Amino acid sequence: MNNMINIVVAGPRGRMGREAVNLVKETPHFRLAGVLDRVNNRKLLSDVEGFAGLDVPVFTDIHECFQQIEADVLIDLTTPDIGFLHTKTALENGVRPVVGTTGFTPEQLEELKELAKRNGIGGIIAPNFAVGAVLMMKFAQTAAKYFEDVEIIEMHHDQKLDAPSGTAVKTAEMISVNREPKKQGHENEKETISGARGADVDGMRIHSVRLPGLVAHQQVIFGSGGQTLTIRHDSYNRASFMSGVKVSVETVLKLDTLVYGLESIID
Ligand code: NAP
């Protein structure tokens, strides 16, 4: 089939990687060409527990991988260091990266954007692939035209390292496009316990909740005289991110620059 997209998944044994392998397996116009893994080099994926029937090669070395197989797209769901190396190598080898790995520095993002531009090749880096989360951010940006007071409550599993979440920061940035800086609450308010009012972004507040049992959740609450508006998104499991990965794989083939954030490719 001519319009089949050949895909390499990096990090297939991880929680996100397993979902991505399933997505590729279940999408008729996607073909799993190989995987990149820290272990199991030169085995078949079908020899690894949990991947019965997937007779595709496992590579540890990304250069060897791209020499031996034809790939159109690399889906990377690993760790920041290796994810950066993978993304860079993909761009250098004409393979379009779709990257969910989080934690790249602004300098690394800039370097990757430059590299993509020099090579005239597209890529997508998206710290949140949940389509609903992107819509939540867009709706919040629109609501900010009409409400100047807003607080963000983000809630995640207790293994998350960074606070506030990248999604909360991005939401605040998008709201800032339509909101003038404003100190919210009473002008003489005092925290009797430090941190009670949360992080401060131009006067809007972000609160981070960390609890076992949660996955990734966020509420954006707007308030004005006599009314509040709450926009809420919940990711209950990692399958919630796969519709965004799918649309990214399909879209990246038409791009000739590297874009950041799923909101860049969703109308
Ligand atoms: P995870 O379960 O820890 O999986 C990471 C995987 O990467 C592990 O299987 C790990 O292998 C593998 N890995 C490490 N070094 C590697 C290498 N050199 N080559 C190939 N694979 C390597 O983590 P996760 O929850 O799946 O998350 C993966 C990434 O996605 C993280 O950066 C996370 O923040 C991000 N994430 C993004 C979204 C989004 O919507 N964009 C959503 C959730 C998570 P070992 O098991 O051998 O260490």
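Both counts, for ligands and for their atoms, begin at 1 and track the order of listing. Predicted model, so just to flag it, every value in this text is computed and none were measured.
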- Query: So is Val39 in contact with ligand 1, going by heavy-atom distances below 4.0 Å?
  - Reply: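 Not so, Val39 does not reach ligand 1.
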If we ignore angles and hydrogens, is there a donor and acceptor under 3.5 Å between the side chains of [X] and [Y]?
X	Y	result
Thr167	Gln218	no
Glu154	Ser208	yes
Asp234	His217	yes

What do you reckon, does [X] have a nitrogen or oxygen under 3.5 Å from a nitrogen or oxygen of ligand 1?
X	result
Arg38	yes
Phe241	no
Gly14	yes
Pro127	yes

- Message: Classify the ring geometry of Phe147 against Phe222: parallel below 30°, tilted from 30° to 60°, perpendicular beyond 60°.
- Response: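 The arrangement is tilted - the two ring planes meet at 30° to 60°.
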- Query: Backbone N or O of Phe59 within a donor-acceptor pair of the Glu64 side chain at under 3.5 Å?
  - Reply: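 Absent.
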Please compare [options] and report which has the shortest non-hydrogen distance to [atom].
atom	options	answer
atom 29 (C) of ligand 1	Thr78, Thr167, Thr79, Val99	Thr78
atom 32 (O) of ligand 1	Thr102, Val98, Ile125	Thr102
atom 35 (C) of ligand 1	Pro12, Gly100, Ala133	Gly100
atom 43 (C) of ligand 1	Met16, Arg18, Arg15, Arg13	Met16

Ligand 1 versus [X]: contacting region, heavy-atom distance under 4.0 Å:
X	result
Thr101	both
Ala126	backbone
Ala10	neither

- Please check atom 10 (C) of ligand 1 for a protein heavy-atom neighbour under 4.0 Å.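 So far as the 4.0 Å threshold goes, atom 10 (C) of ligand 1 is out of reach of every protein heavy atom.
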